[in-house]
Enquirer: 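Below you'll find the structure I mean.
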Amino acid sequence: MNTHKYLALLLFLIVSCGHNTFLTKSENKKESLFFNESMSRYTKADLENLITQKNVNVLALGQCYLGAEDKGLEQLKSKLNEHIIDEKYWNSVGVCYYLNKDYKEAAFFFKLSLQVAKSKNKTFSLPYNNLALIYIHTRQYRQALDYLNNAIKLNPYSDVAKFNLSQLYLKKYLPEKAKLILKKLLKKTPHDIDLQSSLGLVYLLMGDAKNALKMFAQLPKDILKRQDIASYNALAFFISGQYLETLEALKNQEAITIRGFRKIRKKLKELANAKIKQRGQS
Amino acid sequence: MIYLGKIFISIQLCFFISTLALASKESPKEKKNILKIIDEEIKTIKNFGKMTPRLKHRILELQSDKIAIIKEQENKKFIHGIKKFKHPRSFYFSNSISLYQQLIRNGLKIIKTHPRYNGIGEIYLVMALNDQDHGQGKKVERYLLQALRKTYKEQQKYPILVHLAEYYYNKKNYKKAVKIYNSILKNQKDEWISKHYFNAAWCNLKEKNFPRALDMLETAYHLGQENGNQSLQDQVIESFHIFYITTESLDRGVIFLKKNLAAPIAPLFKFVNFAALQGRLKDSIALLKLLKNEIKKKKETKYLAQYYLTAFKTYRQFSHYKNSYNMAKNFYKLDKIKHRSISPEIKEEFKEEIKGLVGFLQSTLVKNVRKNFANYKKEELNRIISFFSILAHIDEKHKKTYYFFQGESYYSVHLYKKSIFAYKKSILSTVPLLPTKEIEKTILNYIGTINLANFDEKKKLEHIEFTYKTYLKIYPKDEKSKKIYKGLFSIFLKSNRPVEAEALLSKYIKNHATDQTNQKSYILSILDFYIDKKNAQKLSDWIYKLRNEPNFNFDNAYILKTEEILAQILFSNYEKMENNRQFKEASMGYEKLSNSNFPSKIRANSALKRAQLLSKIGNIPESFIWLKKAIKTFNKDQNSKNIENYFFLTKRYMLKQNFNTALGSSLFLLNQFYKDKNSNNDELFETIINLSLTLGKDIHVRDHFKEREKYNISQTMEKAMGNLIVDHYLMFRSYNQLFNFYYENKNLVYLYDKYFNVFKTIYWQRYKKQKALSIIKELSLVQKIAKSFTETIDSYKKLESDKKAFMLGQIKIFPDPITKNKKQKFNEDFFNKELEKTIQELKAVNESYLKLSKAGFPEITLRCYLSLEKMYHFLGKSITNLNPGDQPPEFLVPFKKMMKDLGGQLISESIDYKKSAKTLINKYSLFSSINGLVTKSDSISGWDISFPVDRLISPSALTKNMINHEYKLREVK
């Protein structure tokens, strides 16, 4: 698939659905750590291919990830009888509500999923991760941390929960903790874009602009245009005194949908231009 | 006159004779006239005066004629009267007898009175004939012999001889007859000569003068052909077979027949019959052969039927049954081809012959088999069966009888299956089926044989059914039929044929209208059948009938019970539809049931079923409407029993993601049934709280929670829901609701810890801090940790205030603050005191912070570290930068160095505190809002970059690996 096309589509989704998702869709599945665990990385084609799946969880989730949450939920409803005591099913229902930003309903079904698993004397890690995301959404990070830790404890193989935990650490400025996780994950898939860019951010927070730039430099050019990565890349350039590169990075940045990045962009531009001007004078 | 009188009498006599000749053909009235004429003539003769022998003779003749006429009349009366009355014969013939006796007396009187009268011979003849015809016949021979004696003319003797010969012939006195015929036959001019030869032939035959007999017979035949002679050809031909066979002159006879008879075939039949009768097998067979050839030769096919009949009889005579059978078969074939050309008489005779033979064969067979079964020969049976088949074909009218006999024949040799088929054929051939002894016997024999026939069950039932049906067609009303109805009814139901069973029931009701006991029994069986088959439509029809047809007179309780069963069946039918995904049909069915006239329980159940189905197919609001309808229709007890179903339905609404209806339903159920022992109020309460929270009905959540006492909610559930509500409000940042909830539920001790943690969390966030703190302060009155926290916060605040004051104050280098702006001289002592004082203050604040940091609240510890870091940094920098003004270099240089060292030490302390803060954050994964101040590098400290990439959600089913991981872990745990 043509990357430009894909990005255009992604942009459309972001604008139209208001999804604050920067997650990179993976065309090369081998380079995506989370392909096996989450559909967040799936391309449209990947999702459309799921329509042929017999497993209603996969099929309906495909629909929900394509933005047709109502359709996905209807498909799930239609299979209620077969799945009424299936914890995976209820998790899927919750995911669709989550994607539709109906967080209360999502939380309800994630908890239901946990209850069902418990009634069967089983453990099920996925709803913990997903409930954590709702807590992150409502900025109750402490609770989110507990849920993610629980998810990882129940399923140490879950890279998604680990990655989410790294993001939570980054959000709450615990770069060292995030670094530990990301480095481990990167060993599995060294070219995963989100892992690389996240590690770049870790270095940036730690004031290690050199390593930050090194990480960003490994990313594909198209990815460097992403509003978050372009901002961090530009900041890394700025801190290391590379003001022209700072402006160049910002120049290629795609349309910004998050106010914080808009602020960074504005401030960086001003400061970089001032520095360049200053150098010119000196 | 006498002469004239004679002429007249002669004329009259002639007239009379001619009249008499016709008399036999006259009507009774004319005969009366003749008698009148006779009487008048007698009277006339008697009126002549003196009676001459001739006149007397004439009167005698007239009397003879009169007797003949009167006897004829008497005979008629006798024939007529004997049918009506029981008079003796003499009663009817008294007149003629009297006249006859008178005639004899008159004759004898004439003979006696006129012994020389030349007509005495004739008078004897008249007397002989009258004795023969009207008397006892004992004196005929005597009178005839007297007549011969008293007759002198040869010509007049001849008729007397004829009479005498015939008399002997009739009296079988052939020897005398032969003798007289020998005389008679000399008179070749007699027109009756052929007859006399024929009679003479018979006499000779009887006297065993065979050649003469044959000669005379053949002469009689030839003479009969001559003109002028009376012909007795038919009689002669009719007698050929007797003569030629008796005389064993078959060849001569055949030659004679062929030579003289244009149509010898008919007489030949008689030959055959007679030969057979005589037991002459060889001749019979030869004659049959000849006859057949003759028929063929002359192409006289019209004789074929007769031939077969004759041959049949002949062979039978000699017990050649096989040949008889062949003849019968040929006859049957011929009958098939030329049915119309065969005379009914022959057919009838043949039929009778076969019947006779087969009857004989059958009885022989039965007799033999009874004696010893080993005597049974298959071919004999087959022949009997075949004979009956032929009979059935040639006598279709009675074929039922022949088939019946076939059945009987088979039965006798234990071939029961074949017997049954024959009986069946017999019944099927009986048209129309009317009540007769014969058909009754056939059916009963048929029924009696079925069990012996060793049929498989299906076949057996087929035969029983056939017989029962037939029986009921003929005898639908008789007493025996009741049992037959029962049997047939049972067969219909066993073989799954309710329609026929119902038709039979109708027939029974029609024919046994008063027998309600059996009618009821049959109806019950039908209902049971339909119940068993779950045929709702039929059951419904029957219930309607039972309710609306008063004749059935069924107990209402039974009808209600049946209705209940019907409803159950309907349910089960609709359930089947549901299972087959015919939701629309099933739903309509339930709706129909619930709106029907069935008992309320059924209607309510139907409504409930519909509600369940609608929930299944996702029409939740409609489902709830039907649920309410069901609840309204059920009585209290039924509702109580069904509560679990209602709960299940409500849960389904919830699981079908229709939260509003699920909430409405839960509230409705709780309100309706909270007092019911079966109601799980806790569960409903939990659902209500959960759904209200999910729907964002925060105010309602609080209201519902308030009603926990009314609904008698358990302490455990109350605790769980209290915690849930608080967690939910926190999770979704519904802080106002949270505060309100707290205010409404301050007294819930079990929530104190939760309250403290939640409000502490809020306190460390940006908004609603003070309100959260005020609540914690409230809590501190009853909760240690809250008290500790409050005190820690207060101390911290005070310290912060002190720190602020400390930070605002500077180390006083110059003694007088008033002269601060003026040039003052540096006072080392004053400075030293001030510095020491500042250090002491710092130390005191440091200790206070360190003490607070150990209070067990990491957020405060972090803040203490940061405050210390700031203070030390601030003081360190201030001291490092101290400038005492114009001082000599020897003072200034060491002073600055000393200050720099001191400041450096303080800054180093500051850095250590920052490190401690960092360690604290990492150690406890502290998610404070001030983390960035500690952990961010200085180079980006001014940049807010907490916008990491989005998080990843975990779908439930992706790759097998992941699922396997999940399962593996589950197993381990």
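Protein chains get the first letters and strands the later ones, always in sequence-line order, with residue 1 at the start of each.
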Enquirer: State, with a plain yes or no, whether a side-chain heavy atom of B:F927 is found less than 4.5 Å away from one of A:K171.
Expert: no
Enquirer: Show every donor-acceptor pair shorter than 3.5 Å between a side-chain atom in residues 102-118 of chain A and any protein atom, with sequence neighbours excluded, or say none if there are none.
Expert:
{"residue": "A:D102", "atom": "OD2", "partner": "A:N100", "partner atom": "ND2", "Å": "3.0"}
{"residue": "A:S113", "atom": "OG", "partner": "A:E87", "partner atom": "O", "Å": "2.8"}

Enquirer: Counting heavy-atom pairs closer than 4.5 Å to chain A, which one of B:N931, B:L655, B:V934 comes out on top?
Expert: B:L655
Enquirer: Using non-hydrogen atoms and a 4.5 Å limit, figure out which bit of A:L131 sits close to chain B: side chain, backbone, both or neither.
Expert: both
Enquirer: Using a 3.5 Å distance criterion without hydrogens, assess whether the side chain of A:R142 forms a donor-acceptor pair with backbone atoms of B:T761.
Expert: no
Enquirer: May I ask you to name which of B:K616, B:K936, B:K656, B:Q657 has the most heavy-atom pairs under 4.5 Å with chain A?
Expert: B:Q657
Enquirer: To the nearest 0.5 Å, what is the distance between CG (A:L145) and OG (B:S925)?
Expert: 5.5 Å
Enquirer: Chain A: which of B:L695, B:L730, B:D938, B:N690 shares the most heavy-atom pairs with it under 4.5 Å?
Expert: B:L730
Enquirer: For the residue pair B:T935 and A:P175, establish whether any side-chain heavy-atom pair is separated by less than 4.5 Å.
Expert: yes
Enquirer: Got a donor-acceptor contact below 3.5 angstrom from the A:E176 side chain to the B:N922 backbone?
Expert: no
Enquirer: Is any side-chain heavy atom of B:F732 less than 4.5 Å from a side-chain heavy atom of A:I134?
Expert: yes
Enquirer: Under 4.5 Å heavy-atom distance to chain A, tell me which part of B:I617 shows up: side chain, backbone, both or neither.
Expert: neither
Enquirer: Looking at A:V160, A:V93, A:N130, A:N129, which has the largest count of heavy-atom pairs under 4.5 Å with chain B?
Expert: A:N130
Enquirer: Looking at CG of A:L174 and CG of B:L926, how far apart are the two atoms once the value is rounded to the nearest 0.5 Å?
Expert: 8.0 Å
Enquirer: Could you check whether any side-chain heavy atom of B:W943 comes within less than 4.5 Å of a side-chain heavy atom of A:F238, counting everything from C-beta outward?
Expert: yes
Enquirer: I'd like to check A:K172 versus B:I921 (side-chain heavy atoms, cut-off strictly below 4.5 Å). Are they in contact?
Expert: no
Enquirer: Report yes if the side chains of B:M731 and A:Q143 come closer than 4.5 Å at any heavy-atom pair, otherwise no.
Expert: no
Enquirer: Would you call A:R139 and B:Q765 a side-chain contact if the rule is heavy atoms closer than 4.5 Å?
Expert: no
Enquirer: Suppose we screen for ring-ring contact (aromatic ring centres under 6.0 Å, His included). Which residues come up paired with A:H83, at least two apart in sequence or across chains?
Expert: A:Y89
Enquirer: What part of B:I930 lies closer than 4.5 angstrom to a heavy atom of chain A: side chain, backbone, both or neither?
Expert: neither
Enquirer: Tell me which of these, A:I239, A:L165, A:N164, has more heavy-atom pairs under 4.5 Å with chain B than the rest.
Expert: A:N164
Enquirer: Do you know the tightest heavy-atom contact between A:Y173 and B:G932?
Expert: CD1-CA, 3.6 Å
Enquirer: Does a donor on one side chain and an acceptor on the other come within less than 3.5 Å for A:N81 and B:R652?
Expert: yes
